[in-house]
Every structure is written in C-alpha cells, then in structure tokens.
Amino acid sequence: MIQDTLTDAGDDLVLGGEKFSSRLIMGTGGAPSLEVLEQALVASGTELTTVAMRRLDPAARGSVLDVLRGRGIKVLPNTAGCFTAGEAVLTARLAREALETNWVKLEVISDERTLLPDPIETFDAAERLVADGFVVLPYIGDDPALARRLEQAGCAAVMPLGAPIGSGLGIRNPHNIELIVEASGVPVILDAGIGTASDAALAMELGCDAVLLATAVTRARRPDLMAGAMRQAVVAGRMARAAGRIPRRRYAEASSPMTP
Amino acid sequence: MSHHFDVLVIGGGVAGLSVAWRAARRGSRVAVADPDPGSGASHAAAGMLAPVSEVTYTEEPLLRLGLASLARWPAFAAELTEDGGLDLDYRAEGTLDVAFGSDDLTALDELAAFVDKLGLPAERLTGRECRRLEPMLAPSVRGGLLAGGDSWVDPRRVVKALLTALQRRGGALVRSRVAGLTADASERITGVRLASGETIGADLTVLAMGAWSGDLDGLPPEAVPPVRPVKGQIMRLHSPAPILGRCVRGVVHGSSVYLVPRGDGELVVGATQEEMGFDTRVTAGGLWELLRDARELVPGVTELQVRDVVAGLRPGTPDNLPLVGPSAVAGLSLATGHHRGGVLLAPLTADLLLQPPSGEVDELRTICSPLRFQEHR
C-alpha cells in the first residue's frame with residue numbers, strides 16, 4: 001500500500017522539533033458534550049489538539065484538558081478571543097505556566113463578525129513570543145508575504161486560513177495557499193474554513209503539511225463519523241500530492257486504445 | 001427530631017427538594033440537609049422548560065428525558081402550588097427561537113428540519129410573524145421557530161414552594177453542612193455526619209449536591225459522580241410591564257442568548273457557559289456579551305433596571321445527561337448532573353427515584369443510570 005510506503009518512509013509531521021504521525025490537528029470548540037468530543041477526537045486519530053485558554057480554568061477537574069490527557073493527545077493552547085498583541089502574549093504566558101508547554105497557537109482577531117486575524121497584532125505578538133522562547137504557530141490570512149515574514153521572525157509553522165473560522169466555506173484562494181507552500185521553509189497548516197472532507201483533502205493536495213479544523217466535525221450531525229472522514233481525507237490528500245496529479249486537458253485522452 | 005429517616009437528601013436545590021417533597025407526599029419519612037437551600041444553581045437558573053427549542057444533534061436521549069419531564073410539569077406545578085401555597089409563575093406559552101443574520105437563519109432552518117424529522121411540534125415563522133407575536137423584537141429579526149409546547153417557571157419560587165411543601169408534608173429540613181457519609185461494616189451507606197458531628201441515619205441517602213456532588217467526604221471512589229462545574233452568568237432585569245409574552249431564544253451572529261419574562265416584569269437574560277471550575281465571579285465580559293446579544297434581539301432591554309447579576313455552577317456530566325438512580329454502593333442514590341436542565345428535569349428525577357418499575361420509566365432510568373460510567377473507570 002502506498003499509505004504504508006509513506007509511513008515507512010517516515011512521513012511524520014515534524015513540528016517544533018516533535019514528530020506526529022497524524023497530520024490532522026483538531027480544535028475543541030462547538031462540541032455538544034465532552035463525550036461526543038472525545039469520540040470525535042478518537043475517530044480523527046489526532047495527536048495534537050488546540051484548546052482556547054480564555055475562560056478555561058486549566059486546574060478544573062473533568063474539563064476538556066482531562067479528556068485530552070486521558071487520550072494522550074498533546075494540548076496546543078491557543079489565544080482565541082484576543083484582539084491585541086498584549087492580550088495574546090499574556091494569555092500565552094498564563095497557558096505556559098498552567099500547562100507547562102511553551103507551544104502556542106497564536107490567534108489575534110480583528111473583529112467579531114469575520115474573526116479574521118489581525119496581521120499587525122499577530123506579527124507583533126509573534127515576535128515577542130518567539131523572543132520569550134515560545135514555539136509559535138500563528139493563525140493568519142492567506143497572505144504569502146506575511147507568512148514569509150512570520151517564518152523569518154522565527155515561527156515554527158504558519159497557519160493560513162482557507163476561509164473564516166466556522167464558515168465551512170472551504171479554501172477560497174487555493175492559489176495563495178500554493179504560493180505560501182512553495183515559499184515556506186516551515187510547515188504550512190491549513191487552519192479554518194474546512195467544511196467537509198474534500199476541503200481537507202484539497203488542502204493536502206495543495207501541499208499543506210497538516211490541517212486544523214473543529215467546527216466541521218463538532219457541529220456535524222454525526223461528529224464521530226465526520227472526524228473519521230477527515231482523518232481519511234487528510235491521508236488521501238497527502239497521498240495524492242505525493243503521487244502527483246495529471247495535467248488538466250481541454251479534450252479527452254483515451255486511456256485505452258480506441259482503434260483496433 | 002428523629003435521627004433516622006426513610007430518605008435523606010443531601011442538597012436542597014430544585015432536584016433534591018423535588019425528590020424529598022415527592023417522597024414525603026408518598027408518606028415516607030424524609031429529611032433534606034443543606035445549610036442554605038436553593039442557593040446554588042437553582043438560584044441562578046432561568047427556569048426554561050424548553051426541550052424542543054434547545055434540541056441539538058447527538059442529544060436525542062436528553063430530548064427524551066426533557067419531553068418526559070415537560071409532560072409531568074403541569075401536574076407537578078399544580079400540586080406544588082397547592083402544597084407550597086405559592087404561585088410558581090408557571091407558564092406554557094412556548095418558546096420562540098429567532099434568527100438575526102442570514103447565517104443564523106440558515107442555522108434556524110437546519111434546526112427546524114431536525115425538529116421536524118424528530119416529529120416535534122414547532123412552527124416555522126417569518127420575521128414579520130415573529131414580530132406580530134413579540135412586537136418588542138428588533139425589526140432585523142429574520143425568522144423564527146415557535147415551540148408551542150415549551151414552558152417556563154420561576155426557579156426561586158419553585159424552591160420556596162418546595163421548602164414549604166416539604167415541611168407541610170412532614171419532611172424535615174436540616175440547615176447544616178454535611179461533613180461526610182457514614183457506612184456500616186458491609187460498606188452500605190447509612191446516612192450522614194453533619195459538620196457539628198451529629199449523625200443522621202437513613203435507609204436511602206440521596207446525593208443531590210449539584211456541581212459539588214463529587215466532593216463529599218466519605219464517598220467511595222466507585223460512587224464519585226463525574227460532575228464538573230459549568231459556570232453560567234445570568235442577569236435579571238426589570239420593567240414596570242412585561243415586554244415579552246413568551247421565552248425568546250436567539251442566535252446573534254453565532255452567539256446564543258435567551259430572555260425569559262416573568263409576570264411581575266422581571267426579564268431574565270442568560271447565560272454564559274464557561275469551564276472555570278468553582279468560580280462564581282461575575283465578569284464584565286460575561287455581562288457585556290449577554291447584553292450585547294439581548295439588545296440585538298430586543299433593543300428595548302437597555303431601558304430596563306438591572307435587579308440582579310449572578311454566576312451559578314451547573315453540574316455538567318461528560319454526556320450532558322443527568323445521573324439519577326442507584327449508585328455503585330448500596331444505600332446511596334444520585335440525583336445530580338442535571339447540567340442546564342435541572343428545573344426541567346426535576347419532576348422526572350423524582351419519579352425515576354421513587355416510582356415502582358414500569359416500561360417508560362425503566363427505559364429513562366437506563367439513560368440516567370449513574371452506573372453507565374462504571375466501565376470507564
């Protein structure tokens with residue numbers, strides 16, 4: 001099997017110096033219950049899951065953090081809900097203290113309607129967090145120039161959006177995602193906008209190193225089923241990327257001889 | 001005071017008091033131990049009895065419980081009004097779920113389709129139809145779903161009535177903190193030890209301490225219920241005349257809010273859901289989000305007086321279903337883990353614990369059984 005070949009070749013995602021065999025990173029927002037969330041996370045096969053640290057007490061018993069720890073999934077704290085670099089840096093530091101991890105998914109939003117990331121605040125926070133010893137994974141728009149600057153600033157990955165958070169609109173500008181992938185020396189993680197499995201597969205076909213999603217699974221009618229679909233879609237997209245797609249043609253080309 | 005009872009309930013919230021009162025009505029000798037009855041989640045709760053308008057994917061079992069309990073509410077309310085001598089402000093005019101933006105309307109249509117598929121009674125309304133029912137709604141409300149069977153009640157009045165009703169029916173109220181459980185040589189729970197050192201014996205002890213149910217001293221590990229506190233901030237506004245005729249729930253740009261009117265002009269606006277442990281601080285951000293969304297739906301709320309702001313702790317469980325029934329240890333039953341539905345589920349909770357075996361009740365008992373988490377231990 002090609003899948004095994006990829007695995008045998010050591011096709012791990014290397015992020016911040018750590019290896020992950022799953023290239024699907026999950027978020028936890030929007031799940032109706034912890035049990036449903038747990039089933040979905042298990043079905044997704046994820047090894048890394050991001051948790052919003054605002055309005056979460058890391059010491060509280062029975063929280064989502066307990067679910068992740070119980071399943072051996074690495075916790076990636078995020079700064080969702082922050083509007084300024086100052087808030088994001090503070091949130092990241094509190095998370096580092098509470099969770100004993102120096103990883104952070106940096107998310108600084110510009111407004112509540114679109115939840116689009118604010119590039120200037122994000123860059124400012126990224127610089128400060130890198131200087132402070134964090135492994136910084138910034139959520140950004142699909143902007144190749146900003147992605148390059150964040151890589152130069154020392155971020156461990158870049159996380160361009162496919163579409164606004166929770167919108168399920170898929171990848172609105174595949175061309176920009178390709179440009180980011182081409183130029184990037186750090187992993188590119190497609191973050192936000194995934195609506196269904198084909199979106200996740202497309203992200204991987206475009207050359208992304210991993211996909212991060214939450215709502216597409218947690219708000220599905222059957223979250224566990226969608227999680228399994230996403231798991232396979234990421235693998236399928238990765239395999240297709242490695243296999244190489246055929247060129248697009250205007251007219252048909254017979255795959256078997258047409259003339260005797 | 002006798003120091004032995006048939007049923008001893010630890011925790012005087014709506015759930016515990018309902019079990020105690022119903023047991024007393026059946027002629028059992030009953031006591032409730034709580035230093036400050038009704039001061040927990042029951043004090044914060046809005047009292048929506050709205051299983052239809054709150055249904056979500058993956059939660060059909062919770063819906064079944066909610067519908068079964070909603071069906072019990074009219075008789076429960078009538079009997080409690082009689083025994084408690086107090087109007088509960090129990091009302092059954094339905095819940096109107098409204099959508100604000102186009103995305104919210106799409107979500108509402110999906111909810112309407114789901115509700116319809118489940119065969120539940122609900123009516124899809126246009127924005128104008130919503131505003132004919134509720135003229136104070138913002139003109140920008142795009143559409144709604146009227147769950148005509150949903151009801152509501154004032155939980156603070158329910159607690160007051162239950163306390164009176166319990167005592168009228170011969171039940172005892174022990175206003176003391178329970179320090180721990182007592183057990184006999186065979187590890188059967190035999191009652192409680194109070195903070196004063198005094199003990200109270202009972203044939204059946206019922207743990208109904210809400211979010212605190214896992215923290216009682218003397219609980220054998222296998223009987224510790226998997227509950228966690230889920231913080232909810234909620235505010236009570238007041239106007240001279242009611243500005244809504246029924247409960248209104250809305251999604252405003254993806255964020256949920258509800259408004260519950262009372263006969264005396266009170267308007268309850270709730271509620272946040274936060275995983276903050278045992279934290280009951282009221283925050284600026286929590287209130288701002290409630291008011292922001294409430295004002296979008298009903299612009300007139302900004303003119304109302306703020307009477308009360310409070311943060312309560314819901315007893316959440318991993319699957320959002322309550323823990324009602326015999327625990328893993330003899331002599332101890334649970335009536336906890338009701339999360340967002342404690343008031344709605346109170347009549348059913350009492351029936352599940354007190355009624356003899358029968359088809360419908362037994363099926364619901366299975367859903368609520370505290371033993372369902374045993375395999376995970």
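Quantities reported herein were computed from a predicted structural model and do not represent experimental measurements. Chain letters run A, B, ... following the sequence lines, proteins first and then strands; every chain starts at 1.
With respect to chain A, the highest number of heavy-atom pairs below 4.5 Å among E289(B), H339(B), E110(B) belongs to E289(B). Ranked by heavy-atom pairs under 4.5 Å with chain A, the first of L321(B), V227(B), D279(B), T58(B) is T58(B). When each of G166(A), P32(A), P223(A) is scored by its heavy-atom pairs under 4.5 Å with chain B, the top score falls to P32(A).
We find that R61(A) and D215(B) are joined by a salt bridge, their nearest charged nitrogen and carboxylate oxygen being less than 4.0 Å apart. A salt bridge between R292(B) and E112(A) is present, with a side-chain N of the basic residue lying under 4.0 Å from a carboxylate O of the acidic one. For the pair D66(A) and R228(B), the salt-bridge criterion is not met [side-chain N within less than 4.0 Å of a carboxylate O].
Heavy-atom distances place the side chain of R113(A), and not its backbone, under 4.5 Å from chain B. Using a 4.5 Å cut-off between heavy atoms, F278(B) contacts chain A through its side chain alone, with no backbone atom that close. Looking at A220(A), only its backbone comes within 4.5 Å of chain B, counting heavy atoms on both sides.
Side-chain contact annotation: S21(A) with E47(A), donor-acceptor N/O pair under 3.5 Å present.
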Would you mind writing out the side-chain donor-acceptor pairs for residues 132-141 of chain A within the sub-3.5 Å range, not counting sequence neighbours?
residue: D132(A); atom: OD2; partner: R93(A); partner atom: NE; Å: 2.7
residue: D132(A); atom: OD2; partner: R93(A); partner atom: NH2; Å: 3.2
residue: D132(A); atom: OD2; partner: R96(A); partner atom: NH2; Å: 3.2

